[in-house]
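Have a look at the structure below, then the notes.
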Amino acid sequence: MDAQPLSELELARLKSRTGLQRVAADWRRPSDSWQQTLRWIRHHAVSEVAYWQAALPTVVRSDFIFTLVLWVAVFSVAAAVVALPNVPLTVRYSAGLVAVAYLYLYAELARSRRPVPGRRFLLGAADIGVVAALGAMSVPYVGYANVLLFFGAARVAARFQDPRVLIAGGVMLVPFELVGHAAPLSMLIDAFAVLTTMLLVIHLTTTLEGAQQAAQRHNALTLLTSSLARVRDEEALFAQLVTQAPALAPDCAWAFWIKDPGSDDFRAVRWFGLREGELPGFTFTPALGADRTQPVLINGPLPGTSVGECTLLYPTSADGELNGLITIAGGRTRLTAGSRSLIQGVAEEMGATLQRLQALDDERLRTEAMEHANRLAGLAARHAGDQAAALEAIRPAVADMLRSESLHLEWVHGDRLALVVSDHDPLQGHAPGWLSLAGTRSADAVLQKHAVREPMTGRRPEDLFFVPAGLRHVAVAPFRCGELDGTLQLSRRLPRPYAAGEILLLQLLAERLGLLFAAGLMPTDAKSATVGVGR
C-alpha cells in the first residue's frame with residue numbers, strides 16, 4: 001500500500017485529538033521567590049569572589065599591579081585632557097600621542113619573543129618620561145593629575161627595588177612643581193610624600209620577594225630531603241645533590257666531595273656552576289677547625305678553580321665521623337646566614353645518606369663475600385687433611401677473583417711460625433718452613449684479633465722472602481683451628497692495596513678454612529710440630 005501525505009484538515013483533526021493544546025494552556029512559567037533569587041545572587045557572588053581570590057595573589061605577587069594602576073592613571077588623565085574644550089589643541093594632541101606611544105611601547109615589548117637588551121631600563125625610562133611629560137601638560141587643566149606622580153613613583157620603585165632610584169622620583173616631581181608654580185612648603189611636602197611612597201614600595205616588595213625566595217628554598221630543601229631518602233647508591237645521591245642543592249644558594253659554584261677511607265683527603269664527585277673548562281681539584285685536604293664538623297669560610301675561589309670571592313667549606317658527618325664535604329664558592333653577600341642554615345640542612349642530609357648507603361654497601365659486600373667464601377671453601381673441602389693441596393685448589397680462583405698470586409698459611413707454635421705454601425705459589429722456593437714470630441704480621445693479627453693489610457716496606461722479617469718473590473702488598477686474616485692460632489695471608493704483585501671488601505672476603509675464607517682443617521682432627525704440620533716438641 002502506497003503511503004499518502006496527510007492533508008491540512010486531517011492534520012488539524014489529529015492535533016485536536018491530542019493533549020498538546022491542553023498541556024500548553026496548563027503550563028505556566030515558574031516564578032522564583034525572593035528567597036531563591038537571593039540564593040542565586042549569593043551563589044554567583046561567592047563564585048566571583050573565589051575566582052578573584054585565586055587570581056589576585058598571582059597578580060599582586062608580581063609588579064603587574066603597579067603597571068596596571070599606572071596605565072589607568074595615564075589614560076584617565078590623558079582622556080580628561082583630550083576631552084576638555086578649554087585645553088589648547090596642541091596640548092590635547094600631545095597628551096593623546098604620549099599615551100598612545102606609551103601603550104605602543106609596552107605592546108611591542110610584550111609581543112617580542114626575543115630577549116631585548118636593557119628591557120627593564122627601557123620600560124623604566126618610559127614610565128618616568130610619560131609621567132613627567134603628561135604631568136607637565138595636564139597639571140594646569142586636570143585637578144587630579146598629581147595621582148600620576150605617585151603611581152609613577154610606585155611603579156619605578158617596584159621595578160628597580162633600589163634606593164638609588166629615588167633620584168628618578170625627584171626627576172618626575174620637577175615638572176609638576178614647575179608648571180603648577182607650587183609654594184616651597186608645598187614642594188617640600190610633595191617631595192616628602194613621593195620619596196616616602198617609593199621607600200615604602202621598595203621595602204614591601206623587597207620583603208615580599210625575600211619571603212617568597214625563603215619559602216621556595218625551604219620547599220627545595222624539603223624536596224631534596226625527600227629525594228635523598230629514596231636513593232640507593234652514591235651515584236644517585238650526588239646526582240640529586242647537584243640537581244637540586246644549587247637552588248638553595250643561587251649564583252654560587254657548588255662541589256660535592258667524598259672522604260677517602262683511611263686518610264684526610266676528599267675526592268670531588270660532582271660539581272655545578274663552574275666556568276667552561278674548569279674542574280675542581282682531584283683531591284683536597286681542607287684545613288678544618290678544632291671541631292672538624294663545623295663549617296669554615298676561607299678567602300679565595302673554589303679549590304682548583306677561579307670561581308668565587310670566598311668559599312664555604314661544610315663537612316658532612318655521621319656519628320661524629322667525617323664522610324664528605326660540600327664547598328660553595330661565591331660572593332660574600334650570597335653566603336648569608338639564611339643560606340648557611342639551608343646548606344647546613346643539606347650537609348646533615350648528605351652525611352646521614354652516606355652513612356645509610358655505607359651500611360647498605362657493607363651489607364651487600366658481606367653477602368657477596370660470604371657467597372665467594374663459601375664457593376672457595378667448597379673447592380678446598382676435598383683436601384681437609386692436606387693444607388697445601390687445599391691452598392692449591394683454591395689459589396687459581398683467588399688469583400682470578402682478587403688479583404692475588406700468593407695464598408699461604410702461617411701456624412703459631414710458641415714463639416715460632418710454621419709456614420704452609422702450596423705448589424706453584426710465588427713463595428715456593430723463597431719461604432722457609434719455620435720463622436720467628438716476633439715482629440711479624442701474624443703476631444700483630446693474632447694479638448689484635450683483626451686483619452692487617454700493608455705494603456712491602458722491608459721492615460718485617462717475612463719481607464726477606466716476600467720481596468724476592470715480587471709481591472708488593474699483603475693482607476693477613478687471623479683465625480683459630482681447634483687449639484691452634486693461625487693466619488691466612490694473601491699477597492699480590494700489583495701496586496694496589498687491598499680494599500675493605502677484599503679483606504672481608506679473606507676473613508670469611510679464613511674462618512671457613514679453620515673449620516675445614518679442624519674437621520681433619522689436626523693439621524699435618526701442626527701434628528709433626530707437636531711430636532717434635534714432645535721429643
Side-chain angles (χ1 to χ4, degrees), residues 369 372-384 386-413 416-437 439-446 450-479 481 484-514 516-517 523-526:
H372 292 315
N374 292 337
R375 185 169 65 87
L376 294 175
L379 296 176
R382 296 177 299 172
H383 309 284
D386 189 349
Q387 299 169 15
L391 295 177
E392 180 62 24
I394 62 177
R395 194 176 60 82
V398 170
D400 182 63
M401 187 182 307
L402 301 178
R403 299 294 187 268
S404 300
E405 294 79 13
S406 176
L407 181 68
H408 74 279
L409 290 168
E410 294 185 3
W411 296 101
V412 179
H413 296 284
R416 295 195 303 168
L417 290 173
L419 278 69
V420 179
V421 181
S422 64
D423 295 335
H424 307 103
D425 190 283
L427 290 178
Q428 190 179 24
H430 297 281
W434 293 88
L435 183 68
S436 176
L437 178 64
T440 62
R441 298 182 180 90
S442 293
D444 293 345
V446 172
H450 65 77
V452 176
R453 50 180 173 178
E454 288 182 357
M456 301 298 174
T457 59
R459 299 178 181 178
R460 299 279 192 175
E462 56 265 46
D463 289 352
L464 295 176
F465 52 87
F466 273 101
V467 173
L471 302 174
R472 304 181 68 173
H473 283 273
V474 61
V476 182
F479 69 97
C481 178
L484 293 177
D485 289 321
T487 59
L488 180 64
Q489 300 197 14
L490 195 63
S491 307
R492 64 166 48 137
R493 289 170 175 165
L494 291 175
R496 178 171 62 86
Y498 284 97
E502 296 171 327
I503 296 297
L504 178 61
L505 174 58
L506 181 63
Q507 290 176 320
L508 295 176
L509 179 60
E511 294 175 359
R512 283 151 179 76
L513 290 181
L516 180 65
F517 296 150
T524 55
D525 290 333

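Heads up: numbering here begins at 1 and tracks the sequence. Scope of the values below: all heavy atoms of this structure, side chains included, with no hydrogens, waters or symmetry mates.
Between Cys481 and Gly514, the shortest heavy-atom distance links the atoms SG-O, 3.5 Å. Taking every heavy atom of both residues into account, Thr487 and Ser442 meet most closely at OG1-OG, 2.8 Å. Between Val446 and Gly486 the shortest heavy-atom distance is CG2-O, 4.4 Å. Shown here for Ile503 and Ala475, the closest heavy-atom pair between the two residues is CD1-CB, 3.4 Å. The minimum heavy-atom distance linking His413 with Ala418 is given by the pair CD2-CB, 3.7 Å. The minimum heavy-atom distance between Asp463 and Gly458, with the atom names listed, is OD2-N, 2.9 Å.
Leu484 has its side chain out of reach of Phe517: every pair of non-hydrogen atoms, C-beta onward, lies at least 4.5 Å apart. Two residues are said to be in side-chain contact when any heavy atoms from C-beta on lie closer than 4.5 Å; Leu513 and Leu376 fail this criterion. In this structure, the side chains of Leu427 and Gln489 stay at 4.5 Å or more apart for every pair of heavy atoms. Side-chain contact between His473 and Leu494 is absent, with no heavy atoms from C-beta onward closer than 4.5 Å. A 4.5 Å side-chain heavy-atom check between Leu409 and Leu488 finds at least one atom pair inside the cut-off. Between Arg416 and Leu437 there is no side-chain heavy-atom pair separated by less than 4.5 Å. Residues Tyr498 and Leu506 form no side-chain contact, since every pair of their non-hydrogen atoms from C-beta on lies 4.5 Å or further apart.
Remark: Ser406 OG to Leu471 CG distance equals 5.5 Å, nearest 0.5 Å. Considering CG of Leu417 and CH2 of Trp411, their distance stands at 12.0 Å, rounded to 0.5 Å.
Judged as a side-chain contact (heavy atoms from CB on, under 4.5 Å), and not counting sequence neighbours, Leu464 has no contacts. Residues satisfying the side-chain contact (heavy atoms from CB on, under 4.5 Å) criterion with Arg375, sequence neighbours excluded, are His372, Met401. In this structure, Arg512 has no salt bridge (charged side-chain N to carboxylate O under 4.0 Å, His left out) partners at least two apart in sequence or on a different chain. For the salt bridge (charged side-chain N to carboxylate O under 4.0 Å, His left out) test, residues two or more places apart in sequence or in another chain that qualify with Glu462 are Arg441.
Although no hydrogens or angles enter the test, the distance criterion places a donor-acceptor pair under 3.5 Å between the side chain of Asp425 and the main chain of Leu407.
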Got a list of side-chain donor-acceptor pairs under 3.5 Å for residues 388-397, not counting sequence neighbours?
residue: Glu392; atom: OE1; partner: Ser422; partner atom: OG; Å: 3.4
residue: Arg395; atom: NH1; partner: Glu405; partner atom: O; Å: 3.2
residue: Arg395; atom: NH2; partner: His424; partner atom: O; Å: 3.1

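Applying the salt bridge (Lys or Arg N to Asp or Glu O under 4.0 Å) test to every pair with at least one member in residues 496-508, sequence neighbours left out, gives these pairs: Arg492-Glu502, Arg496-Glu502.
Taking the six-membered ring for Trp and thresholds of 30 and 60 degrees, His408 and Phe466 have ring planes inclined between 30 and 60 degrees apart.
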